[in-house]
Amino acid sequence: MDGGGALMELFAETWQYLLDADSWTGGGGLVARLLEQLLLTATALVAAMLLGLPLALWLGHLGRGGFLAVNVSNVGRAVPTFALLALLVAADWPGSGDFGPYGRAGLATLIALVLFALPPLITNGYVGMREVPSDVQEAADGMGMSPGQRFRRVELPLALPVVASGVRLALVQVWATATIAALVAGPGLGRIITEGFARNDYAQGMAGAVVVALVALVLELTAAALQRAVDPMPRGPSRRDPSPDGVEPLSGRSTTVEEAPAGS
Amino acid sequence: MTLLAAADTGPSCYSRFVNEWFCWQYVEDRHEQITDALVEHVLITLAALLLGIAIALPLALLARRLPRLESAVMGFSTGVYTIPSLALLPLLVPFTGLSAATVVIGLGLYALTILVRALLDGLRSVPDDVREAATGLGYGRARMLTRVEMPLALPVAMAGLRVAAVSTIALTTVGTLVAYGGLGDLISHGVQRDFKAELMTAAVLCVVLAVVLDVVLVVLQRVLTPWTAGAR
């Protein structure tokens, strides 16, 4: 918009804001907001995994409900995160009240985060199970495995890479949605951005955006590295029995089944 | 108390005291404002998608020839995905200001990353023997691309476009940060003023818009690729 001078000035101010200790400390400071958002993200992701993965893996094991499991992702993409957050906050329940360490509108935000984490988890969980080759399943049956054994010892280990990429997608989605919560006066780092824009303090808005983007990249890279480190080669399903609800799905290559949900 | 005051002056279902979620009276009284937001929403979405297509097509064609560029494009698109929309828009503001261009470019970037991947996947899905047959028939590179490869890549590419279109409709609402959010501006205003009818109407319209655009693209794909009828 302005000349190069104004642009450089804005970058300088943003840098200044990030170097200023005052912007990191205190009640609404960067550190407090960052911890708030990390707590929100972790809680929502774990809750969504506990809810969604058993259902998806079970459906995939039975081979039923495929239409629902695959289309839930399409529906999830069509619903704007911002609109759902706004509806939850404006409703009588869960509303915009404080919710423990999650802050203002914490419960509404958590519910929205869980809802938006579910589609990639369910779709990838189901697809991962269905992609286990049928001759492998027949071999398991031929060896005299019960359906339960086949599920735990054969299907689940083979499905893990796809399930894990679903968890990564969900993580990215939850972090992005947690940022948007600020648009409805919710908790999290997005508040730094929206407060900056509301006060025409674009340096603050930029600084918040930089922190949000950097943490997002760090989270994604960490998830990808963990995925690779935990599982050198998906040969040898006997290395250990993962728990049935898949709380430790960080393994395998990143076989992405669905496109990531575009940072919404 | 104040409940009585409402009744006989005939306040509509969207007055402060009633504040119903669904209110046709609101839609009638404010239809101009709603239409404006709707039109802005559609225009921003279409502009972002066109921008995405315009850059994705040459980029995908280039990346196919240069493996190094392809891995760079893939890395870049994963990176862009990871950045939340509410953080991407502020990062563009220094360059484009508080304008619709900020939203269009930001959403165009997200659409671009989906479209490049879809185009590359689509071109890769063309069977090698089809290419060989075309070469045997004397097709040159350009004619092979336009007559053989592009049509065969179209179903996969269109699937990508549908994903991009639906998520762009949803993401446009976040543009309200720079006051160009289409229906998102109504949602933002609605949640600030606890104006439930406005909020619900805008939210429903967003979903309807996404569904309509998706149906349009499905029909377009049927028309463009008649040989896939029944396959999908």
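Chain A is the first sequence line, chain B the second, and so forth, proteins listed ahead of strands; every chain is numbered from 1.
The distance from atom OG1 of Thr176(B) to atom CZ of Phe197(A), rounded to the nearest 0.5 Å, is 11.5 Å. Taking CZ from Arg162(B) and CG from Asn74(A), the interatomic distance works out to 7.0 Å, rounded to the nearest 0.5 Å. How far CG of Leu84(A) is from SG of Cys206(B): 11.5 Å, rounded to the nearest 0.5 Å. Separation of atoms CG (Leu219(A)) and OG1 (Thr82(B)) is listed at 9.5 Å; rounding is to 0.5 Å.
Within the 4.5 angstrom heavy-atom criterion, atoms from both the backbone and the side chain of Val210(A) approach chain B. Residue contact with chain B, scored on non-hydrogen atoms closer than 4.5 Å, involves the backbone and the side chain of Ala91(A) alike.
Between Asp214(B) and Arg77(A), none of the side-chain N atoms (NZ, or NE/NH1/NH2) sits under 4.0 Å from a carboxylate O, so this pair counts as no salt bridge.
Within the 4.5 Å cutoff, the side chain of Thr78(B) has heavy atoms near those of the Glu220(A) side chain. Annotation: side chain of Val212(A) is not in contact with side chain of Leu86(B) (no heavy-atom distance under 4.5 Å).
Of the listed residues Ile169(B), Leu107(B), Leu109(B), Thr173(B), the one with more heavy-atom pairs under 4.5 angstrom with chain A than any other is Thr173(B). When each of Leu213(B), Thr168(B), Leu199(B), Asp194(B) is scored by its heavy-atom pairs under 4.5 Å with chain A, the top score falls to Leu199(B). Between chain A and the options Ser188(B), Ser77(B), Ala202(B), the largest number of non-hydrogen pairs under 4.5 Å is found for Ser188(B). In terms of non-hydrogen atom pairs under 4.5 Å with chain A, the most contact-rich of Val204(B), Val191(B), Val211(B), Thr172(B) is Val191(B).
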Leu183(A) vs Val174(B), side-chain contact (heavy atoms from CB on, under 4.5 Å): CA-CA, chis, key distance, verdict: CA-CA 8 Å; Leu183(A) 277 181; Val174(B) 179; 4.3 Å; yes
Worked verdict on Thr194(A) versus Leu177(B) for side-chain contact (heavy atoms from CB on, under 4.5 Å): CA-CA 7 Å; Thr194(A) 51; Leu177(B) 181 72; 4.1 Å; yes
Working for side-chain contact (heavy atoms from CB on, under 4.5 Å), residues Tyr202(A) and Leu98(B): CA-CA 10 Å; Tyr202(A) 299 116; Leu98(B) 300 177; 3.0 Å; yes
